[in-house]
Chemist: 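Take this structure first; my questions come after.
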Amino acid sequence: MLALGGTSWAADISEIYAEAVANDPILARARASYEISRTGVTLARAPLLPQVTASAGRSISTTSVDSIDMNPSSPNFGRPTPDRESTGQNWRAGLSQQVVNLSSWFGYRGAQADANRADWDLQTASQVLITRVAQAYLNVLSRQAELESAIAAEEAVQRQLEQVQQRFDVGLEAITGVLESKAAYDSAVVTRIRAESQQRVSFEALRTLTGSAYGEIANLKEDLAIVDPLPNDEEEWVRTAMDTNSAIRSAQLALASAEHNVRSSLSQYLPTVSASASYGTNSGESSINGFVLPNQGTVTSVGYAFNFQMPLFQGMRTPASVKRARLSRDLARHALIEQELNVAEQVRTRFRLVVTDVVAVAAGAEALKSAQAALEATQTGYEVGTRNIVDVLLAQRAVFQSEYQYHLSRHNYVHDMLRLKESAGTLSESDIQELNSNIDPGNPVQKAP
């Protein structure tokens with residue numbers, strides 16, 4: 001019934017991540033690319049293994065000559081030359097093996113490096129999926145915090161409008177206060193409608209990742225620990241990334257594959273040696289006008305060969321292949337350097353973001369307390385006539401904005417911490433489980449109607 005109704009169930013981030021692993025098209029594409037690379041190893045190894053062939057055949061032929069037998073000694077003298085029919089059958093089995101072929105060997109080593117690189121690319125896609133799931137999940141929570149702030153602001157302004165209207169009715173408030181409160185209320189309604197729309201849209205990102213619709217997810221716990229990254233050393237994170245970042249490892253293997261391709265191209269100048277052996281039989285019979293001639297027996301053939309081949313000139317193909325392989329190697333080397341620089345910058349940036357997020361969360365909590373205290377003081381001043389309604393509306397807006405910014409800074413901290421681990425190459429499914437332990441099932445977020 002839930003499926004037919006287009007609704008879904010409340011879910012935590014661990015459940016959504018499991019669905020994304022099974023259904024995310026980007027990760028599925030990375031898996032397919034990995035499997036393709038593994039088949040490349042098998043294809044590159046095939047020329048190095050023994051090659052076995054077998055063949056069999058049967059032939060039937062008829063020879064007809066439109067002439068008269070003019071041989072006096074022939075029993076068919078003076079008669080038309082008889083038709084001759086022949087049948088034959090043969091079979092053959094052969095075995096060949098490359099003994100020396102360095103080009104094929106280095107091609108095989110290059111294919112192995114490519115397969116290992118695809119493995120690291122798959123790990124990269126898996127880590128990116130974690131951050132994509134976390135980003136989509138936390139975005140829903142952020143939009144929910146924005147919606148809650150908008151709803152609270154609308155309700156507060158509505159109450160304020162009612163109070164101002166009552167004061168105006170008894171002559172304690174000017175019409176200006178009523179109009180300002182009404183304008184603030186209309187603006188709050190528009191803000192709430194937009195927040196509802198953005199909250200509904202944020203749920204669609206979860207559907208894109210998992211292929212399933214979600215109508216309710218669990219919120220974060222209020223006592224989520226906000227701590228500095230461990231180790232609290234920027235350069236230590238950079239050193240870890242140089243050793244474990246999957247994109248860097250992939251670039252290193254791309255360079256190794258390019259090195260093997262250069263050796264494979266250079267090996268085309270060298271001779272190749274192969275050995276082969278074969279065994280076969282050939283037999284048949286002939287007949288003239290239905291008379292079977294005596295069988296001449298079966299011919300058996302056994303052969304062995306040891307082949308040496310030296311390339312001398314191949315139309316400048318080999319020099320061009322070597323040049324291309326060397327240029328590809330230089331390209332892979334520059335790509336590795338670029339990847340290392342980018343990762344180092346990424347780690348430093350994200351480390352500083354996490355440190356800033358820790359401070360921002362603490363400052364946001366204090367700002368919220370200050371805004372609430374300021375609102376109370378402003379409301380008191382309004383009641384005694386030292387503040388006007390505009391001051392109260394601005395103070396209310398400051399409270400709701402501070403509350404939203406506080407929740408947003410908590411979500412940014414979680415997301416930036418995961419991205420830091422992704423850059424360092426240490427992000428894993430255990431981080432999703434750890435985050436899931438900070439989910440509060442008793443505080444669900446429902447999709448706005």
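One-based numbering along the sequence shown. None of the values given here were measured: they were computed from a predicted structure.
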Chemist: The test is salt bridge (charged side-chain N to carboxylate O under 4.0 Å, His left out); show your working for K182 and D186 and say whether it passes.
Modeler: CA-CA 6 Å; K182 183 63 169 61; D186 293 338; 3.0 Å; yes
Chemist: Could you check whether D330 pairs with R326 (Lys NZ or Arg NE/NH1/NH2 to Asp/Glu carboxylate O, under 4.0 Å)?
Modeler: no
Chemist: Could you check whether the rings of H260 and F106 sit parallel, tilted or perpendicular, using 30° and 60° as the cut-offs?
Modeler: parallel
Chemist: For R317, is there any backbone N or O sitting under 3.5 Å from a side-chain donor or acceptor partner on S321?
Modeler: no
Chemist: Quick check on side-chain contact (heavy atoms from CB on, under 4.5 Å): which of T124, D121, L427, V128 does S246 satisfy it with?
Modeler: T124
Chemist: Please report the C-alpha distance between L141 and H407 in whole Å, then the side-chain angles of each, then the deciding distance to 0.1 Å, and finally whether the side-chain contact (heavy atoms from CB on, under 4.5 Å) criterion is met.
Modeler: CA-CA 9 Å; L141 301 186; H407 289 293; over 6 Å; no
Chemist: Is a donor on one side and an acceptor on the other found under 3.5 Å between the side chain of Y137 and the backbone of A218?
Modeler: yes
Chemist: Looking at R192 and E196, is there a salt bridge between them, counting it only when a charged N and a carboxylate O are closer than 4.0 Å?
Modeler: yes
Chemist: Which distance, rounded to the nearest 0.5 Å, do you find between the CG of N412 and the CD of Q405?
Modeler: 9.0 Å
Chemist: Using a strict threshold of under 4.0 Å (side-chain N to carboxylate O), is an ion pair present between E146 and R143?
Modeler: yes
Chemist: Determine whether the side chains of D114 and S257 contain a donor N or O and an acceptor N or O closer than 3.5 Å.
Modeler: yes
Chemist: Does a donor on one side chain sit under 3.5 Å from an acceptor on the other, for E148 and Q144?
Modeler: yes
Chemist: So, Y34 versus W120, ring centres under 6.0 angstrom or not?
Modeler: no
